[in-house]
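By convention in this document, chain letters (A, B, ...) are assigned in the order of the sequence lines, proteins followed by strands, and residues within each chain are numbered from 1.
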Amino acid sequence: MDRNNEKPSCGRGARNAAKPAQKDPPASIGAEEDTHNLNLYASITLEAILEPTNLKEALKRVIANRGAPGVDGMEVGQLLDWIRSHPGQLTKAIKEGTYRPSPVKRASIPKEEPGKFRDLGIPTVIDRLVQQATAQVLDWTYDRDFSDRSFGFRRNMRAHHALRVITAEADQGYRWAVDMDLAKFFDTVNHSRLIRKLSLKIKDGRVISLIHKKLRSGVQIKGEIKPTEIGLMQGGPLSPLLANIYLDELDKELEKRGHRFARYADDLICICKSRRAAERTLASLTRFVQEKMLLKVNREKSHVAYISSPQTKFLGYGFYYSRTKREVRLTIHEKSKQKLKDTIRKLLSRSPKTSIESVKQLLAQKLRGWMNYFQLADAQRWTQGVDRWIRRRIRQLLWKTWKKVKTRIRALVKLGADPNQAYYWGCTRKGYWRISNSHILTTTLTTDFLKQRGWSWLGCFRG
DNA sequence: TAGGTTTTCAC
RNA sequence: GUUGUGAAAACCUA
C-alpha cells in the first residue's frame with residue numbers, strides 16, 4: 001500500500017489534520033473502520049451504497065441540483081414521488097443485479113472558443129441518484145490516497161491552494177512552465193484500465209459491476225442509441241471521481257520523478273528550472289501519458305513557456321514577475337477579464353424590464369462572486385480598472401432610463417395627468433408600464449386588474 | 001448551531 | 001437546449 005509514501009514537500013502536508021471535521025462518512029464505513037480496524041477498502045460494499053441515510057443524502061442532492069431530465073423525461077421534481085410510489089423497487093433491482101442504467105442524453109454546449117462544443121451525457125434522474133450514492137461512498141475512502149497536488153473535484157481543495165503552491169515554487173526559481181493539455185480527456189478514458197484500477201481497491205464485485213454498467217450504458221443521439229466502448233460521459237455524478245482515480249497514476253509518477261506540478265482535473269502545469277528541462281519533461285510526459293495511460297495529448301495546446309508569458313494560463317489566472325517586489329505574482333488572465341466584461345455587458349444591455357434597483361442588486365451580487373474568486377490577483381490594476389468600467393456603465397444605464405421616464409411623464413402630463421401623482425400606467429406592445437419616480441416595471445396585467453386596484457388609466461402611448 | 005436561496009469560479 | 005463535481009461568498013428562516 002502506497003498510502004504512507006513520502007511526498008515531495010509542497011508546504012501543506014498536514015491538510016487532513018488541519019480540518020478534521022470535514023463531513024461525516026457514511027455510518028457503516030465509520031463503524032467498520034473503528035470496530036474492526038480492517039482494510040478501509042473492505043467497507044466499499046453494495047450495502048454501504050444502498051444504506052437508507054446514504055440514499056437519502058443522494059436524493060436530496062439530485063433534487064437540489066434541479067438538473068434537466070434524461071432520456072425518460074422524468075423531472076427532478078417527480079423523483080421523490082416516483083420513489084414513494086415504487087418503494088424498494090430500485091434497491092431491489094440493484095441488489096439482484098437486474099438494474100440497468102438508461103442511456104445518457106447527449107447535449108452539446110458551446111465552449112469558450114467559438115465553434116467548439118463540449119459534449120455531455122445527461123443521465124436519467126434515477127441513474128443520477130444511484131451514481132451519487134456510489135460516489136458518496138467511494139469518495140470518502142479514495143480521497144485520502146490522492147496526491148497533494150491534485151486539486152480538482154476534491155473535498156477541501158480549492159483552486160487557490162493550487163495557485164499558491166505554484167507561485168511559491170515559481171519564486172524558488174522554477175520559472176519554466178510545461179502546460180499539458182489532454183485532448184478530450186473524458187472521452188478517451190479506457191474502460192478496462194479503469195475497471196482494473198478500481199478492482200485493486202474495491203473487493204465487492206457487485207460494486208464493480210454496477211460501475212461497469214454505468215460506463216457501458218450507451219448514449220442516445222436523436223433517438224438512436226449508440227454503445228459506449230470508451231470514455232466517461234461527463235455529466236454523471238460519479239464521473240469526476242472516476243477521472244481522479246484514473247489520473248492518480250499520473251500524479252504518482254510525477255511525484256516519483258520529483259517534479260513541481262499541480263493538476264486540476266485534466267489541466268496540468270509542471271514547472272521547471274530551465275527551458276531545456278521543461279522541454280525534456282514535456283516530451284517524456286507526453287510519452288508516458290500516451291503509452292502508459294492510453295490517453296491523447298493535444299500537441300498543439302501543450303507547450304513550454306516562461307511563466308509570465310501570456311500563454312501560460314492556470315485556473316483563470318496568469319503570472320507575472322514584479323521587479324520591484326522581486327517575486328512572482330498572480331494576475332487575472334485576459335480571457336477571464338473578457339468573459340466578465342461580456343457578462344456585464346449582456347446584463348446591462350437588456351431592456352429595462354426590471355427596475356434599476358434590481359439590476360444594480362444583481363450586478364453587485366455577480367461582482368461579489370467574481371471578485372471573491374480573483375482576490376489572489378493583484379488588485380492594484382485590474383480589479384480597480386474593471387470596477388471603474390462597470391461604474392461608468394451603470395451611470396450610463398441610469399441616465400438613459402431616467403431620460404425615458406422623463407419623456408414618458410411629460411407625455412402623460414400633456415394628456416392631462418397630474419405630475420405629482422405617484423403612479424401612472426401606460427401600455428406598449430410588450431406590456432404595461434408602471435411609472436413611478438424611479439422605477440419602470442413591465443407587468444402583464446389586464447385592464448380589469450387596473451380598474452380593480454383603482455389605478456389611473458391614461459391610454460396608450462408608444463415606447 | 002442547523003435548514004434553505006442566490007451569485008461567482010475552476011474543470 | 002445546460003449535466004456534473006469541488007470551492008467560496010452573500011443573504012433568508014427557525
> Would A:Gln311 and A:Ser309 satisfy side chain to side chain donor-acceptor pair (under 3.5 Å), going step by step from the backbone distance to the final call?
CA-CA 5 Å; A:Gln311 273 186 75; A:Ser309 91; 4.7 Å; no

> Check this one for me: any side-chain N or O of A:Asn65 less than 4.0 Å away from OP1 or OP2 of C:U2?
no

> Determine the Euclidean distance between corresponding C1' atoms of B:dT8 and C:G1; express it in Å to zero decimal places.
23 Å

> Report the C-alpha distance between A:Tyr373 and A:His160 in whole Å, list the side-chain angles of each, state the deciding distance to 0.1 Å, and finish with yes or no for ring pair (Phe, Tyr, Trp, His ring centres under 6.0 Å).
CA-CA 8 Å; A:Tyr373 180 76; A:His160 290 160; 5.3 Å; yes

> Counting only side-chain nitrogens and oxygens, does A:Arg106 get under 4.0 Å of the OP1 or OP2 atom of C:G1?
no

> Which of the following nucleotides, C:U2, C:G4, C:G6, is nearest to the side chain of A:Ile122?
C:U2

> Identify whether NZ of Lys or CZ of Arg in A:Arg149 sits under 6.0 Å from the centre of the six-membered ring of A:Phe261 and within 45° of that ring's axis.
yes

> Between A:Phe314 and A:Phe319, is the gap from one ring center to the other below 6.0 Å?
no

> If you compare all heavy atoms of A:Glu255 against all heavy atoms of A:Asp148, which two are closest, and at what distance to 0.1 Å?
OE2-N, 4.0 Å

> Output one letter per nucleotide in nucleotides 4-9 of chain B: B when a protein non-hydrogen atom lies under 4.0 Å from the base, S when only the sugar-phosphate is that close, - when neither is.
-SSSSS

> Is the terminal nitrogen or CZ of A:Arg257 (NZ for Lys, CZ for Arg) located under 6.0 angstrom from the six-membered ring centre of A:Phe288 and within 45° of that ring's axis?
yes

> Calculate the interatomic distance between A:Lys214 atom NZ and C:U3 atom P; express it in whole Å.
16 Å

> Assuming nearest nucleotide by heavy-atom distance, tell me which of A:Gly152 and A:Gln234 is located more 5' along RNA chain C.
A:Gln234

> Check the distance between B:dA10's P and A:Gln375's CD and give it to me in whole angstrom.
14 Å

> Taking the side chain of A:Pro123 as heavy atoms from C-beta outward, which of C:A7, C:G1, C:U3 is closest to it?
C:U3

> Starting at CZ of A:Phe117 and ending at P of C:U3, how long is that distance when rounded to a whole Å?
17 Å

